[in-house]
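The structure presented is a predicted model; accordingly, all values stated were derived computationally and were not measured. Index from 1, following the sequence.
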Amino acid sequence: MSTSFAFKPLLSAGLQPDLFAQLRPDVSRLLATRMVFIWATLLTFGTIMVASSSIAFADSTLGDPWYFTRRHLIFLAMGLTASAAVAMVPLAVWQKYAWVLLMLAFVLLLVVLIPGVGRRVNGSQRWLAIGSLTLQASEAVKFCAIIFFASYFTKRAVALSRQNKGLLRALAILGVLVLLLLAEPDFGSSVVIVVTVMAMLFFVGARLWVMLSLMLVGGGLFTSVALMSPYRLQRLVTYLDPWADQFNAGYQLTQSLIAFGNGQWLGQGLGNSIQKMLYLPEAHTDFVFAVIAEEFGLIGGLIVIALFGALIFEILRRCRSRMSHDDCFPALLAFGVAILFAMQAFINIGVASGFLPTKGLTLPFISYGGSSLLLCCALMGLMLRIDWESEVQIVREAKKVVKKRATKAVAKPRKAQVEDLIDD
């Protein structure tokens with residue numbers, strides 16, 4: 001149920017004694033929306049798939065088949081808590097202190113590069129150790145970047161649509177963020193953040209020739225970075241023909257493609273994947289969609305893609321609703337979140353299916369990865385806050401209409417009494 005239609009029955013119900021008691025924001029109504037239902041479905045399915053895809057690896061390497069499942073549930077609880085905390089903060093506060101989040105993003109990206117502070121895994125120094133937990137700095141940067149650029153573009157929307165004032169400053173900030181991310185290195189997150197911010201810039205009304213120029217320059221820079229790095233170049237060559245080196249550089253992709261082939265139409269059934277039995281590396285993280293394809297087949301894979309499409313559609317509906325009320329900041333937030341989810345899902349599924357070169361990006365809400373799950377839940381908290389403030393606005397408008405109708409209802413009998421006196 002969309003919150004924009006939540007109070008139409010009340011407005012057409014006439015004047016009732018308890019009408020004003022009914023006109024109030026309702027948390028239970030917000031939690032019954034299609035968006036929350038789809039989100040809950042993805043979280044539930046993600047928990048099941050983390051358990052299914054990680055059990056063999058956890059048992060053979062750690063001696064505990066439920067190790068990753070328990071940690072995933074812990075991060076899920078933390079993510080839902082973070083979502084609730086984010087949802088309790090007014091959007092005006094996020095917009096006012098967006099620059100603080102930008103400073104936090106810079107601090108995290110600098111701290112993670114300090115030797116002995118940032119943790120290096122598989123050649124990349126992206127993680128910060130907090131007790132027994134490790135958090136990926138780039139995931140927090142995505143959250144900070146969406147809020148900051150939504151605030152920045154909101155303040156300069158008119159200028160950006162008519163001239164290039166303020167554009168260079170935004171690009172400079174984005175450029176510094178990307179350089180710090182590439183220093184880790186984290187090429188995948190850099191691409192996601194750049195595409196998301198560029199899409200937000202286009203949404204706010206930047207000129208088409210400016211966007212095309214930025215796309216050409218950005219594409220050229222990312223291509224140069226990929227070609228100058230030996231291991232990224234090797235990934236590109238392997239992507240073009242993984243079977244030419246199937247037992248070395250192409251091993252992960254060929255095992256993923258075998259999983260897709262094993263799945264056929266309806267899959268092997270939940271828990272019956274063969275490739276997760278230590279054949280497919282990163283089966284519970286970056287390549288969880290390959291396990292989904294093997295256990296649930298083409299039909300199951302399409303259903304998962306449809307769920308992501310439905311979630312993105314629901315978020316974009318909120319973007320359109322806020323734009324119809326000339327509320328630019330929440331509209332830009334919703335648009336940025338939709339683009340980020342769409343990009344991450346597209347890249348992850350594209351990599352697992354061999355459509356894109358291998359990149360280390362998780363599938364939102366489904367892959368194992370505490371930092372990614374925290375980020376995605378926090379972003380959904382922003383969407384819940386947008387819903388709440390939209391409903392508050394609808395309540396205020398509804399109360400105005402009810403008061404206006406009440407005033408007219410009282411005025412009509414008085415007018416009739418005056419007319420009767422004149423007739424007498």
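- For Phe153 and Phe329, the distance between ring centers is not under 6.0 angstrom.
- Minimum heavy-atom separation, Ala140 to Leu108: CB-CD1, 3.7 Å.
- Side-chain contact of Thr362 with Ser372: a donor-acceptor pair under 3.5 Å is present, judged by distance alone.
- Once rounded to the nearest 0.5 Å, the distance linking CD of Gln264 with CD of Glu294 reads 10.5 Å.
- The closest side-chain heavy-atom distance from Cys377 to Leu373 is below 4.5 Å.
- Note on ring orientation: taking the six-membered ring where Trp is involved, the planes of Phe149 and Tyr152 are perpendicular (angle over 60°, cut-offs 30° and 60°).
- Taking 4.5 Å as the limit, some side-chain heavy atom of Met49 sits within range of a side-chain heavy atom of Val291.
- The shortest heavy-atom contact between Val192 and Thr196 is O-OG1, 2.7 Å.
- No donor-acceptor pair closer than 3.5 Å links the side chain of Ser83 to the backbone N or O of Gly79.
- Taking CZ from Phe341 and CZ from Phe308, the interatomic distance works out to 8.5 Å, rounded to the nearest 0.5 Å.
- Under the 30°/60° scheme for interplanar angles, the aromatic rings of Phe289 and Phe260 are found to be tilted.
- When atom types are taken as modelled, the side chain of Ser321 and the backbone of Arg317 share no donor-acceptor pair closer than 3.5 angstrom.
- Checking side-chain atoms of Arg322 against main-chain N and O of Ala331 turns up no donor-acceptor pair under 3.5 Å.
- Closest heavy-atom contact between Ala290 and Ala352: N-CB, 4.3 Å.
- Within the 4.5 Å cutoff, side-chain heavy atoms of Phe335 are placed close to those of Met200.
- Under 3.5 Å, the side chains of Ser273 and Gln275 contain no donor-acceptor pair of N or O atoms.
- When all heavy atoms of Val50 and Ile366 are compared, the closest pair comes out as CG2-O, 3.3 Å.
- Counting non-hydrogen atoms of neighbouring residues, nucleotides and ligands closer than 6.0 angstrom, the CZ atom of Phe346 reaches no more than 12 such neighbours.
- The shortest non-hydrogen separation linking Leu135 to Ser371 is CA-OG, 3.1 Å.
- Put simply, the side chain of Ser138 never gets that close to the backbone of Ser189: no donor and acceptor are under 3.5 Å apart.
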**Q.** Verdict with supporting geometry, Met35 and Met383, side-chain contact (heavy atoms from CB on, under 4.5 Å)
**A.** CA-CA 9 Å; Met35 181 185 73; Met383 297 303 100; 3.8 Å; yes
Q: Kindly determine whether Leu101 and Phe148 satisfy side-chain contact (heavy atoms from CB on, under 4.5 Å), including the steps that lead there.
A: CA-CA 7 Å; Leu101 293 177; Phe148 171 76; 5.6 Å; no
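- Contact check for Leu266 versus Phe296: no side-chain heavy atoms found under the 4.5 Å cut-off.
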Q.
Before you tell me yes or no, could you show the steps for Glu314 and Val36 under side-chain contact (heavy atoms from CB on, under 4.5 Å), namely the whole-Å CA-CA distance, both residues' side-chain angles and the distance that decides it to 0.1 Å?
A. CA-CA 10 Å; Glu314 286 297 318; Val36 174; over 6 Å; no
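- Put simply, the side chain of Leu109 does not reach to within 4.5 Å of the side chain of Val176, judged on heavy atoms.
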Q) Does the side-chain contact (heavy atoms from CB on, under 4.5 Å) test come out yes or no for Leu167 and Leu201, once each step is laid out? A) CA-CA 9 Å; Leu167 179 60; Leu201 181 60; 3.4 Å; yes
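- Annotation: Arg70, atom CZ; neighbour count of heavy atoms from other residues, nucleotides and ligands within 6.0 Å is above 12.
- A donor-acceptor pair shorter than 3.5 Å cannot be found between the side chains of Gln136 and Lys142.
- Checked by atom type, the side-chain pair Ser390/Arg318 shows no donor-acceptor distance below 3.5 Å.
- Looking at Ser256, its side chain never comes within 3.5 Å of a backbone N or O of Gln252 through a donor-acceptor pair.
- Enclosure of atom CE in Met215 is not indicated, since only 12 or fewer non-hydrogen atoms of other residues, nucleotides or ligands lie within 6.0 angstrom.
- Counting heavy atoms from C-beta outward, Gln255 and Phe287 have side chains that stay 4.5 Å or more apart.
- More than 12 heavy atoms of other residues, nucleotides or ligands sit less than 6.0 Å from atom CZ of Phe45.
- Proximity of a side-chain donor or acceptor of Arg126 to a complementary backbone N or O of Pro185 within less than 3.5 Å is detected.
- Judged by distance alone, the side chains of Glu295 and Ser52 do bring a donor and an acceptor atom under 3.5 Å apart.
- Two rings, from Phe143 and Trp94, have their centers less than 6.0 Å apart.
- Screening Arg71, His284, Glu282 for a side chain to side chain donor-acceptor pair (under 3.5 Å) involving Tyr368 leaves a single residue, Arg71.
- One distance of note links CE of Met198 with CD1 of Ile193; it measures 12.0 Å at 0.5 Å rounding.
- Scanning both residues, Ser353 and Gly350, for their nearest heavy atoms gives OG-O, 3.3 Å.
- Between Leu42 and Pro364, the closest side-chain pair of non-hydrogen atoms is not below 4.5 Å.
- No side-chain heavy atom of Pro357 sits under 4.5 Å from any side-chain heavy atom of Val351.
- For the pair Asp186 (side chain) and Leu181 (backbone), a donor-acceptor distance under 3.5 Å is absent.
- Note: Ser151 OG to Lys96 NZ = 12.0 Å, rounded to the nearest 0.5 Å.
- Taking OG from Ser190 and CG from Leu179, the interatomic distance works out to 9.0 Å, rounded to the nearest 0.5 Å.
- When atom types are taken as modelled, the side chain of Asn272 and the backbone of Gln268 share a donor-acceptor pair closer than 3.5 angstrom.
- In this structure, the separation between OG1 on Thr285 and CG on Leu361 is 11.0 Å, given to the nearest 0.5 Å.
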